[in-house]
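Each chain gets a letter, A, B and so on, in the order the sequences are listed, and its residues count up from 1.
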2 protein chains.
Amino acid sequence: MQFSFRMPVAVHILLCIACFQKEIKVTSTFLSGSVNVHPVIIRKTLGQLKAAGLVDVAAGVGGAKLKKAPADITLQDIFQAVEEEEDLFHLQENPNPACPVGRNIHALLNGRLQTIRGHMMDDLRQITLQTLLDDLSKRTA
Amino acid sequence: MQFSFRMPVAVHILLCIACFQKEIKVTSTFLSGSVNVHPVIIRKTLGQLKAAGLVDVAAGVGGAKLKKAPADITLQDIFQAVEEEEDLFHLQENPNPACPVGRNIHALLNGRLQTIRGHMMDDLRQITLQTLLDDLSKRTA
DNA sequence: TCCGTTGCAATAATATAAGTTACAACAATA
DNA sequence: TATTGTTGTAACTTATATTATTGCAACGGA
């Protein structure tokens, strides 16, 4: 059990845009070739990133560009743009209210799991696109 | 996208055992009634908890008991007993090696995401079954 | 031997994600 | 204006993972 492609794919997309937007027109077909994911998934993800204000996508002519500086885009921004779930774990919906454990299990776990999710968000916020770009240029040097 | 029932269900099971093991024989049928999950799932989960050394299950006669003190069972123990995945996110398997981003995306993300997962484990380790039992008795008082 | 239970396998049902196809709308341009 | 390449969606299919269900052998005590 783990999170899906989405966030990593979105990061990949944004890195490609950051690297190539000055040289070429970054289309969903181009991105599809680098990420190796279907163009429609790319467009859907791009749409979520656009809705989150992270990128601009040219309507007819095509091509995506970053809307913010890489240092101002965090993994938390990206995560929240593409993942809609509020909870880290799926809790069983109908525990038995006649059982003291069943009656309280949600209350016991919810707060604590939300706290953990909050820490995860804090961690994601520490990583910016610029961090990754710097690391990338080190590796390609 | 989120983690499945498993961990919360396992926690529910262990709490029920802790609460009722002195009074009654805690069978998978009984647990099924409180958690509201199919008995076979209960037995499977119980099997994982047994393999992890957290509970003892009586073979023919039936009934489960804690094998360790509630203060010595952490949510991390439970999580690891029932979730086998190593990675938090599913990375795209075949990015394009001809693209500098595609060639390095795994290296860029893997370490950072593992660190985040490590923090999550640290958080889970801070919560013991005893913590939850104390909270539970406050709520039922 | 009978009974309730566990352990396990096989299968079905369900949910979610990803892939695929099709097509309207858009903007540049020949 | 027609053409071209692209985006934005919707509908459908496929793949995968999780949970539910059924069936049955094995176990241990009454």
Side-chain touch A:Asn36/B:Asn96, heavy atoms, less than 4.5 angstrom: no
Partner of A:Ser28 by side-chain hydrogen bond (donor to acceptor under 3.5 Å, both in side chains), out of A:Lys44, A:Arg43, A:His38: A:Arg43
A:Arg6 side-chain N/O to C:dA17 phosphate OP1/OP2 under 4.0 Å: yes
Integer-rounded Å distance: D:dT6 C1' and A:Ile24 CD1: 14 Å
A:Ile42 CD1 to C:dT20 C1', straight-line distance once rounded to whole Å: 15 Å
Sugar-phosphate only, base, or nothing, as touched by A:Gly62 at under 4.0 Å among non-hydrogen atoms: sugar-phosphate
Distance in angstrom units between A:Phe5 CZ and D:dA15 P, rounded: 14 Å
Sugar-phosphate only, base, or nothing, as touched by A:Val40 at under 4.0 Å among non-hydrogen atoms: base
Distance test, side-chain N/O of B:Lys44 to OP1/OP2 of C:dA9, below 4.0 Å: no
Nearest-nucleotide comparison on DNA chain C, the residue closer to the 5′ end among B:Thr29 and A:Pro39: B:Thr29
Under 4.0 angstrom between B:Arg43 side-chain N/O and C:dT6 OP1 or OP2: yes
Donor-acceptor side-chain pairing of B:Thr29 and B:Ser32 below 3.5 angstrom: no
Sugar-phosphate only, base, or nothing, as touched by B:Gly63 at under 4.0 Å among non-hydrogen atoms: sugar-phosphate
Residue mapping more 5' on DNA chain C - nearest nucleotide basis, B:Gly60 or A:Ala59: B:Gly60
Heavy-atom donor-acceptor pair, B:Glu83 side chain to B:Arg6 backbone, under 3.5 Å: no
Nearest-nucleotide comparison on DNA chain D, the residue closer to the 5′ end among A:Ser28 and A:Gln92: A:Ser28
Distance in angstrom units between A:His90 NE2 and D:dA17 P, rounded: 18 Å
Spacing between B:Phe89 atom CZ and C:dA17 atom P, to the nearest angstrom: 13 Å
Among B:Leu15, B:Ile13, B:Val9, the one residue meeting side chain to side chain contact (heavy atoms under 4.5 Å, CB included) with B:Val11: B:Leu15
Euclidean distance, atom CG of residue A:Leu46 to atom C1' of D:dT9 [Å, nearest integer]: 14 Å
Rounded interatomic separation in angstrom, taking CD from B:Gln48 and P from C:dC8: 11 Å
Distance, rounded to the nearest Å, where A:His38 contributes NE2 and D:dC12 contributes C1': 13 Å
